[in-house]
Amino acid sequence: MEKKQHLKPLKTPVYRDSGFRLDDATVTASAFRDEQEQERKPGYYIYSRYRNPTVVAVEEQLMNIEQSEWALLMQSGMSAIDTALSIFQEAGSDKPWLFFSEIYGGTNTFVDEVLIKRRGIRAERLFPENNRYDPSYFRRRMEETQASLVFLEVVTNPMLMVTDVPAIIDIAHEMGARVVVDNTFATPYLFKPLQAGADLVIHSATKYLSGHGDVTAGVICGNLENLLKKAVEYRKYVGHMISPDDAYRLGTQLRTFPLRIQKHVENAERLAHFLDDHPAVEATIYPGLEHHPDHALANRLFGGRGYGGMITFDLAGKNAGEKKNRRDRFIHALQNTVPLIPSLGDADSTLLPVEPVWGDKYPMPGLIRLSVGTEPCEELERNIGRALDAL
Ligand SMILES: *Cc1c(COP(=O)(O)O)cnc(C)c1O
């Protein structure tokens, strides 16, 4: 017993228990009553699908990173998206929701297959005009649709358009709509949507926040107490709670998030210039390049901290056939150093060919999306440069 007092771990351990001891029937009754009233009592645990101490410790880290009043961890980015949207759904309401079209493919599928087909929600899309989301065009679409909820990302995937999120939020609020922002690509290092007034921010923590490709997790961050209550309830009712093991691993990885993201951003900026100057590359899309149409906007939104860790580029080629052939050879040449993996935000650089994934949406056979890792930049330039030279 004496000795145990010396055991003072730095981190909250993994509490795998699915249920926690309650002393007697009276305590049980009050525990369940409080739980139903959704009082957030730190240190008060009943059942791990409701609340778990390991998970709460990591949620506190996330509040710090996103500078939010609260954060809730979920099993995946999609669970976070489901929660962030579902809490605004009201039976019988026919107000539409407006989704920016250039969002994560899984979110677009969720909108079509779950929200529209199964739940009968009226979902409208906002398509970019001339490769940008112009706030005045957004205002017109809001007037047309009378949408009550808006969903967007800060940096689009895979074409890396930057959206004037503060302007969009102001217009949406002026018209009485709520705004949910998926901040996975920009990360809180570059931009904090809550500070621009967003109602909720979600992340796929599977990406940069965990950053090692071995956790699937999601998070919702917010400032409003009534939304916290609804999100806590929804997570509990449908069982979107993250596992304590995944939460613990994420908590460890979050300790190096500021370090890692700085290196991602630094490497990406250097590599973008390298690619832009290389004769085997026809075009490089990166908000940090001066010729990127949203370069000035990115400077304004990201305050000089950088432009993110993703680069999209088009391999040179006389025609579609040659581009496709070069793409396949390029991927093959890099298989041992920059592997083809359909995820992003890992410490290891990974790539994804755009056309095979997005199909007709981007019929560009030479297009490659690169998730720049935290390796020494010279090593990346050497490996990628060699693969390009061989084309
Ligand atoms: C990966 C991703 C998601 C989905 O997250 P999961 O953790 O895979 O469920 C949502 N949004 C963006 C931008 C993503 O990249």
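Atoms within a ligand are numbered from 1 in the order they appear, just like the ligands themselves. These figures come from a predicted structure and were not determined experimentally.
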* For ligand 1, indicate whether the residue Ser343 contacts it via side chain, backbone, both or neither (heavy-atom separation under 4.0 Å). => neither
* For atom 11 (N) of ligand 1, which candidate among Ile81, Asp182, Ile103, Thr216 holds the nearest heavy atom? -> Asp182
* Asked: Mind checking whether Ser204 has an N or O less than 3.5 Å away from an N or O of ligand 1?
  -> yes
* Near Glu153, which atoms of ligand 1 are under 4.0 Å from a heavy atom of that residue? -> 13 (C)
* Asked: Hey, is ligand 1 close enough to Met78 that some N/O pair sits below 3.5 Å?
  -> yes
* **Nearest protein heavy atom with distance in Å, relative to atom 1 (C) of ligand 1** => Lys207 NZ, 1.4 Å
* **atom 4 (C) of ligand 1 [closest protein heavy-atom partner, distance rounded to 0.1 Å]** => Tyr104 CE2, 3.4 Å
* Asked: Are Val357 and Tyr104 connected, step by step, through hydrophobic side chains (Ile, Leu, Val, Met, Phe, Trp, Tyr) whose heavy atoms are closer than 4.5 Å?
  -> yes
* Asked: So, His292 versus Tyr286, ring centres under 6.0 angstrom or not?
  -> no
* Check: Tyr47 ring centroid to Tyr50 ring centroid under 6.0 Å -> yes
* To do: Would you mind telling me which of Thr350, Leu351, Leu352 makes a side-chain contact (heavy atoms from CB on, under 4.5 Å) with Ile341?
  => Thr350
* **Close-contact set for ligand 1 against Ala217 heavy atoms, below 4.0 Å** => 7 (O)
* **Spatial distance of atom OG1 (Thr312) from atom CG (Asn157) [nearest 0.5 Å]** => 7.5 Å
* **Candidates Tyr189, Phe185, Tyr208 - the one meeting ring pair (Phe, Tyr, Trp, His ring centres under 6.0 Å) with His264** => Tyr208
* To do: Identify the protein heavy atom lying closest to atom 7 (O) of ligand 1, giving its residue, its atom name and the separation to 0.1 Å.
  => Thr206 OG1, 2.6 Å
* Asked: Under a heavy-atom criterion of less than 4.0 Å, does Ala205 contact ligand 1?
  -> no
* Asked: Which residues satisfy the side chain to side chain contact (heavy atoms under 4.5 Å, CB included) test with Gln67, sequence neighbours excluded?
  -> Lys192, Gln195
